[in-house]
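Below: one structure, written as structure tokens.
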Amino acid sequence: MTSVITILTDYGLQDGYVASCHGVIVGISPEARIIDVCHQVPTGDVRRAAAILAQTVPHMPPAVHIAVVDPGGGARRAVAIEAGDHVFLGPDNGVLSWAVQANGGARAAYELTNEELFRRPVAPTFHGRDVFAPVAAFLTIGRRPPELGPPIPLDRLVSLPAPTSRVREGTVEGEVLSVDGHGNTQLSVTGGDLDTLGARPGGTLVVWLGRRHVTVPFRETFAAVAPGELVAFTDSAGLLSLAVHAGDASQRLGLPPGAHVRLSVHP
């Protein structure tokens, strides 16, 4: 089993929550290698966490991934899901679902009920420290997923609706998938969608935002336009993003996660 553990949470960095999780892991598995994916997910934003995890895992070696973003505050069952060479730990609220799907789908899942592997006592509000961190650590020193608890039928796992895009009649429809800390607005529109439209860097896109629309230069990077200007580009995940060079596209356009968008090539 791998010695790599990744952690994704909405705990923030101003308190000791993340350090506590690290401490529990190293206390059980001193050789564990911990990668902090992100701890500044907007509080309770399961979709944002799911997108970050799904777009990060392809660049990771085989690992145990902890993702703890749960508006229910620990009310949902804790699960372990095996997919590809990875094991995903988190609440069963869909936060793991996009990353699992991106790794070929779940081949097995278990409910975390083996209290021998938990830190005691378990705080009802801190399962990241008391459940997921110790379970992840034990997996790196030889415990196996079937030891974590009873199997879960795969069709009973909670999944988020997959982000979608649709090309038709010279347009592509999609949604705002996420907004990063710079205000860059990532859409569910793929590079393949843009190819189908005939969009090429150097051209111009028309972006419809409800009843209003804006024309946006389509370039290879956000730095290809002057500071303060809006630009569209295909990002490192292969998705179309809208940005303002040295600014905040989300505020400029008023596009929160989940907002519907429609694009076409400017004639």
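Side chains included, hydrogens not; waters and symmetry mates left out as well; all remaining heavy atoms used. Since this is a predicted model, take the numbers as computed values, not measurements.
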Might you point out which heavy atoms bring [X] and [Y] nearest each other, and give the distance in Å?
X: Pro161; Y: Trp98; result: O-CZ2, 3.2 Å
X: Ala67; Y: Leu96; result: CB-CD2, 3.7 Å
X: Ala109; Y: Leu157; result: CB-CD1, 3.9 Å
X: Gly254; Y: Pro256; result: O-CD, 3.3 Å
X: Thr113; Y: Gly149; result: OG1-CA, 3.5 Å
X: Tyr110; Y: Pro151; result: CD2-CA, 3.8 Å

In terms of heavy-atom contacts, does CD of Glu116 have more than 12 from other residues, nucleotides or ligands at under 6.0 Å?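 It does not: Glu116 CD has 12 such atoms or fewer within range.
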Is there a path from [X] to [Y] through hydrophobic residues (I, L, V, M, F, W, Y) whose side chains come within less than 4.5 Å of each other?
X: Val231; Y: Val172; answer: no
X: Val46; Y: Ile66; answer: no
X: Val68; Y: Ile81; answer: no
X: Tyr17; Y: Ile5; answer: yes
X: Val57; Y: Val87; answer: no

Report, one line per pair, each donor and acceptor closer than 3.5 Å where one atom sits in a side chain of residues 19-40; sequence neighbours left out.
residue : atom : partner : partner atom : Å
Ser20   : OG   : Gly16   : O            : 3.0
His22   : NE2  : Asp36   : OD1          : 2.9
His22   : NE2  : Asp36   : OD2          : 3.1
Ser29   : OG   : Thr140  : OG1          : 2.7
Arg33   : NE   : Ser3    : OG           : 3.1
Arg33   : NH2  : Ser3    : OG           : 3.3
Asp36   : OD1  : His39   : NE2          : 2.7
His39   : ND1  : Thr9    : OG1          : 2.7

If a pair satisfies side chain to side chain donor-acceptor pair (under 3.5 Å) and one of its residues is in residues 150-172, list it, with sequence neighbours excluded.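 Qualifying pairs, neighbours excluded: Ser165-Asp193, Arg166-Glu173, Arg168-Glu173.
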Contacts of type salt bridge (Lys or Arg N to Asp or Glu O under 4.0 Å), residue [X], not counting sequence neighbours:
X: Glu147; value: Arg143
X: Arg219; value: none
X: Arg48; value: none
X: Asp45; value: none

Can you label the angle between the Phe126 ring and the Tyr11 ring as parallel, tilted or perpendicular, going by 30° and 60°?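 Plane angle over 60°, so perpendicular.
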Could I get the full list of side chain to side chain donor-acceptor pair (under 3.5 Å) partners for Arg107, not counting sequence neighbours?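 Partners of Arg107 under the side chain to side chain donor-acceptor pair (under 3.5 Å) test: Glu82.
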Expected list for residues 234-246: side-chain donor-acceptor pairs under 3.5 angstrom, two or more places apart:
residue : atom : partner : partner atom : Å
Asp235  : OD1  : Ala237  : N            : 2.9
Asp235  : OD1  : Gly238  : N            : 3.2
Asp235  : OD1  : Leu239  : N            : 3.0
Asp235  : OD2  : Gln186  : NE2          : 2.8
Asp235  : OD2  : Ser241  : OG           : 2.9
His245  : ND1  : Val225  : O            : 2.7

Spacing of [atom1] belonging to [X] relative to [atom2] belonging to [Y], to within rounding of 0.5 Å:
X: Arg200; Y: Phe218; atom1: CZ; atom2: CZ; value: 8.5 Å
X: Leu112; Y: Leu148; atom1: CG; atom2: CG; value: 5.5 Å
X: Glu175; Y: Leu177; atom1: CD; atom2: CG; value: 6.5 Å
X: Leu8; Y: Thr56; atom1: CG; atom2: OG1; value: 7.5 Å
X: Leu230; Y: Thr215; atom1: CG; atom2: OG1; value: 8.5 Å

Counting C-beta onward and ignoring hydrogens, is there a side-chain heavy-atom pair between [X] and [Y] closer than 4.5 Å?
X: Met60; Y: Thr2; result: no
X: Val18; Y: Ile7; result: no
X: Leu53; Y: Phe88; result: yes
X: Arg47; Y: Ser178; result: no
X: Asp70; Y: Val95; result: no

With sequence neighbours left out, what residues match Gln251 under side-chain contact (heavy atoms from CB on, under 4.5 Å)?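 Here the qualifying residues are Asp248.
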Just list the side-chain donor-acceptor pairs under 3.5 Å for residues 260-267, sequence neighbours left out, or say none.
none

Report all side-chain donor-acceptor pairs from residues 130-139 shorter than 3.5 Å, counting only partners two or more places apart or in another chain.
residue : atom : partner : partner atom : Å
Asp130  : OD1  : Arg119  : NH1          : 3.2
Asp130  : OD2  : Ala123  : N            : 2.8

How would you list all residue pairs meeting salt bridge (charged side-chain N to carboxylate O under 4.0 Å, His left out) that involve residues 87-101, not counting sequence neighbours?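 For residues 87-101: Arg77-Asp92.
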Examine distances only and state if a side-chain atom of Arg252 and a backbone atom of Gly228 form a donor-acceptor pair shorter than 3.5 Å.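 Yes: the side chain of Arg252 pairs with the backbone of Gly228.
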